[in-house]
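Note sheet for the following structure.
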Number of protein chains: 2
Amino acid sequence: MTRSEHEDGIRVAVSTVILTLRRDGGQAPRLALPLVRRTRDPHAGAWALPGGWLDDAESLAAAAARTLAETTGLAPSYLEQLYAFGAVDRSPSRVISVVYWALVREEESVGAVGSDPENVAWFDAEDLPGLAFDHARIIEYALWRLRNKVGYSRVAQGFLPPEFTLADLREAYETILGRRLDPANFRRQVDATRTLIPTNAFRTGSHRPARLYRDATDVELADRGPLSPEETRTS
Amino acid sequence: MTRSEHEDGIRVAVSTVILTLRRDGGQAPRLALPLVRRTRDPHAGAWALPGGWLDDAESLAAAAARTLAETTGLAPSYLEQLYAFGAVDRSPSRVISVVYWALVREEESVGAVGSDPENVAWFDAEDLPGLAFDHARIIEYALWRLRNKVGYSRVAQGFLPPEFTLADLREAYETILGRRLDPANFRRQVDATRTLIPTNAFRTGSHRPARLYRDATDVELADRGPLSPEETRTS
DNA sequence: CCAAAAGTGTTCCGAATACACCCATGC
DNA sequence: GCATGGGTGTATTCGGAACACTTTTGG
């Protein structure tokens, strides 16, 4: 293992793509995420992912959870490392960004703000403003990962409250995937996984009441990678 | 984006899990990887993944390819980022390791050595020595990723020379997955993907000659992630 | 009663599997 | 010829997709 002799100027930042499902009204929900307006150069005035420098004594995942809480006031229902970005020219100074992606529950994201609400705003994932650095590409990749992972895991439940109907869950899938799913087949597929417990409660509304379900287990919504013991607790 | 005021002591290392298929003789091939004996503390004398400090002016992928060449003298036929490890206690000093995994072709790995052949040795992936830091866990994760990715991509071809028989390819799959595959069904599945071009050459040997194939395209063997333009060239 | 969502039943189709069988070569 | 791996054919099974149909509520 060779080692460069000089103590060089590489710094480590941690950023997070924070996703939620936002319902504007009676409309179909949409994916939304918070961005932070930069107040210094480079890219002063542009919007960027929430993040910050990695602190000497915190793990990468802890840094992601910390900056997430600072900008939104929320704890994530799902948090996973996305990728480490380290191109030489992605910033004027040399910065390695370890990026995480997180899911937060819908209701919590309404009105909840962190330490600096002035410079935080939520955007529709399909209608983003101009972004600093390579953050547009990073968000694209996070959305790709979400759409991909929803196909073989239960991550979508990270958007939902503890009790929800199958229609709620299907609506989350439909929003993520961008297409309609057959209610009948969707029902069979989810209960083939045996991960939902039916409750005795029903949501009464406009038509026939729908049964409420909750998570069957306290296991992870999805495989989050090679996590060390210190990183396995998200709450 | 808040910034810690002190220039702190976090350093960035890049390591690589380098995998190949090794044929000991007429036996079934096995997964093998090179390790480097550490000559300094911490963990002096223990075996570790090839790697080194990230240089100021090179991208993460370039650092991985560089250390790979330094220890094995080889260029990878496949290279993908694995994960960024950043637990506080994984090393006495604070080190963030961005780990890559690579595939190299079998024949090339025989006898090829890099700048310091004394301290490099190849090990059977199922029979590893005591490893420094969290490298045992990292290798486990790399193997998991390989086994997983072989199911939905063409990565296994990264182990093979430009021309190969379907039996060669199937043998690679069988070694990676650790189980036998039906030759008939395997044949149909690979040519359903339309990614192999049959040549007019045959490998003559002990029995009926087997047709040689080569890659149909110059496209990637698998999705390697959100690569920037500077990282897309591996050769 | 009617509209609409909740929930069930059934058919169809394609992919994965198992396995019988033929082909071409070395010995 | 015969052993062995190369290569083809075919029946079965399983899961997903499509969609007809029944149930239960609000109005």
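It should be emphasised that the depicted structure is a prediction, and the values quoted were computed from it without experimental measurement. Chain naming here is simple, since letters A, B, ... match the order of the sequence lines and numbering starts at 1 in each. Heavy atoms only: backbone and side chains are in, while hydrogens, waters and symmetry mates are out.
Residues passing the ring pair (Phe, Tyr, Trp, His ring centres under 6.0 Å) test with B:Tyr173, sequence neighbours excluded: B:Phe186.
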| task | Begin from the C-alpha positions of B:Val99 and B:Tyr83 and carry the test side chain to side chain contact (heavy atoms under 4.5 Å, CB included) through to its verdict. | result | CA-CA 6 Å; B:Val99 179; B:Tyr83 199 77; 5.6 Å; no
| task | Go through the steps for A:Arg90 and A:Ser97 under the test side chain to side chain donor-acceptor pair (under 3.5 Å), then give the verdict. | result | CA-CA 10 Å; A:Arg90 57 187 297 278; A:Ser97 282; 3.1 Å; yes
| field | Candidate pair B:Arg145 and B:Tyr141, rule side chain to side chain donor-acceptor pair (under 3.5 Å), full reasoning | value | CA-CA 6 Å; B:Arg145 182 97 133 235; B:Tyr141 184 53; 3.0 Å; yes
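Distance CZ (A:Arg211) to P (D:dT24): 12 Å, rounded to an integer number of Å. Nucleotide D:dG5 holds its C1' atom 13 Å from the CG atom of B:Asp168, rounded to whole Å. Between the CG atom of A:Asp182 and the P atom of D:dC21 there is a distance of 15 Å, given to the nearest Å. Note: CZ (B:Phe164) to P (D:dG6) measures 14 Å, nearest angstrom. Atom OH of B:Tyr152 and atom P of C:dA15 are 21 Å apart (whole Å). As a whole-Å value, the separation of B:Arg180 CZ from C:dT17 P is 16 Å. Between B:Arg170 atom CZ and C:dA16 atom P the separation is 17 Å, expressed in whole Å. One atom, CG of B:Leu166, and another, C1' of D:dG7, lie 9 Å apart when rounded to the nearest Å.
For an aromatic pair to be called close, the ring centres must be under 6.0 Å apart, and B:Trp101 with B:Tyr78 satisfies this.
Within the 4.5 Å cutoff, no side-chain heavy atoms of A:Pro226 are placed close to those of B:Ile138.
Within a heavy-atom distance below 4.0 Å of DNA chain C, the residues of residues 184-210 of chain A found are A:Ala184, A:Arg187, A:Arg188, A:His207, A:Arg208, A:Pro209, A:Ala210.
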